[in-house]
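Residue numbering restarts at 1 for every chain, and letters A, B, ... go by the order of the sequence lines.
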Amino acid sequence: MKYFFCWSFLLLSAQVFSAQKMTVQFEIPVLDVNPYHRPYVAVWIEDAERRGVESLSVWYEGDKWLKDMRQWWRKLGRTKAGAYDGVTGATQRPARYQISWNGTRWNKTQTEKIAVEPGEYFVNIEVAREAGGRDFLRQKISWRNGQPQKFVLNGKVELGSVQIHVE
Amino acid sequence: MKNVVTAIIVSTFTLASSLGLAHGRYILPTHTVLSTNGVESIGLISSISNDVYHPDLPLGDNGKGTVPKDLEPMFRSLKSILLQPDGVKVEGPPWQSFSRFSAADLTLEKAGTYRLSLMQPDTAMTTFKHSDGSPGRVFGSNAKLPEGAKGIVYRMVSSRVETFISKNSPNRLALKPVGGGLELGGATHPNDLFVDELVNFSLTYDGQPLSAKTQVHLVREGTRHRNQRNEIKVKTDEFGRFSLSFPESGFYLLEAEVEFEGDENDPIDFYHYSLYVTLEVFPQ
């Protein structure tokens with residue numbers, strides 16, 4: 001009985017995890033500036049009240065400048081140290097990149113990933129470059145089964161086009 | 001001693017007249033938000049100035065600086081105080097005076113929110129009119145008044161000049177009122193200010209919600225380089241609360257003052273408390 005319960009729970013959660021997927025494609029544009037430093041980038045999810053839910057990607061070099069991604073820093077970086085350890089990476093050269101999300105988040109104690117409740121969420125992408133500028137884009141998405149969505153956003157300087165697919 | 005019953009009436013009619021009793025004061029930090037797991041230092045400037053963040057006169061000295069003679073007595077009573085993220089109060093950094101500002105360094109070891117203060121405790125200030133009608137003022141409890149002085153008003157003035165700095169996750173222990181004049185509190189954390197978002201603050205007086213409805217002034221940095229000060233004025237409610245949203249990013253100087261009448265047997269006519277807080281507002 002105990003085993004049966006565990007297995008059914010796993011199956012159920014696996015189903016929830018795979019039911020929906022979101023991808024964010026974004027472009028770090030080539031900028032003709034000197035000096036050029038590769039930008040810091042954060043991609044994350046907020047709930048409908050704009051509370052931080054989950055960091056999807058954080059590219060940086062030194063923690064002293066994490067604060068320059070100020071929206072990400074206030075929503076997730078400064079309060080959930082450790083919760084983004086698994087999604088950090090070094091800064092990247094100009095190119096197109098893709099990041100995906102399976103609708104999970106860390107639980108409160110950061111011991112396991114759980115599925116988020118169906119509902120409205122915001123996808124956020126923030127780019128900050130040393131001796132350069134900052135771009136911040138936000139898109140509301142509906143996270144429910146059977147609602148494919150596509151959004152195209154455009155950054156101003158530090159970020160090129162951004163495509164968000166929910167399927 | 002302090003007649004709080006008359007506070008509401010007094011504060012409404014003295015606010016207009018008492019604004020301008022003192023010059024503006026501020027502490028300007030190089031950073032208010034820091035992200036690091038290491039130890040980081042920030043730089044600080046303090047000044048007595050009517051132009052917001054353009055320093056005019058120093059504020060505070062460690063005994064090694066150049067202090068204008070008429071500011072010496074005030075600097076002797078000035079206290080540099082630091083409330084740490086654990087709520088523990090320690091001596092603040094030693095400020096050194098230069099001709100137009102004072103400067104200090106602050107090293108932040110703990111994570112959380114720091115409150116940095118320059119406190120001027122109760123100082124006797126007497127205002128009067130010379131026999132020719134021109135206004136005058138002297139400091140000190142035994143200050144000598146010129147012959148023929150008229151319209152003499154005895155005041156105790158006290159000011160609190162503050163700013164907040166957070167390393168990593170902000171917390172609220174250093175925000176708790178410590179008592180002693182006016183202090184800034186409220187639901188919004190002072191290190192979480194962004195353009196166009198509703199901010200809910202409150203003022204306390206001696207650690208209690210300020211019941212006297214009081215005008216709060218906020219001025220954005222850079223007054224020297226524009227023609228109008230463009231003050232944001234908000235009035236507190238009967239619990240000291242006030243709300244606003246910042247139209248632009250930058251450093252803002254928040255100013256508020258209250259005045260309470262001394263009672264009949266008190267040689268002091270008015271007790272005057274002012275608060276100056278530097279806030280940093282970020283763009284979305």
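Contacts of R74(A) with chain B are made by side-chain atoms alone, with heavy-atom separations under 4.5 Å and no backbone atom involved. Only the backbone of N191(B) comes within less than 4.5 Å of a heavy atom in chain A; its side chain stays farther off.
Side chains of L279(B) and F201(B) form a contact here, defined as non-hydrogen atoms less than 4.5 Å apart.
Among H165(A), Q163(A), Q25(A), the one residue that satisfies the side chain to side chain donor-acceptor pair (under 3.5 Å) test with Q98(A) is Q25(A).
Judged by distance alone, with hydrogens and angles left aside, the side-chain atoms of W95(B) form no donor-acceptor pair with the main-chain N or O of S102(B) at under 3.5 Å.
Ring orientation note: the planes of Y121(A) and W101(A) are nearly perpendicular, at an angle over 60° on the 30°/60° scale.
Annotation: maximal heavy-atom pairing with chain A below 4.5 Å, among Q284(B), H31(B), K167(B), occurs at Q284(B).
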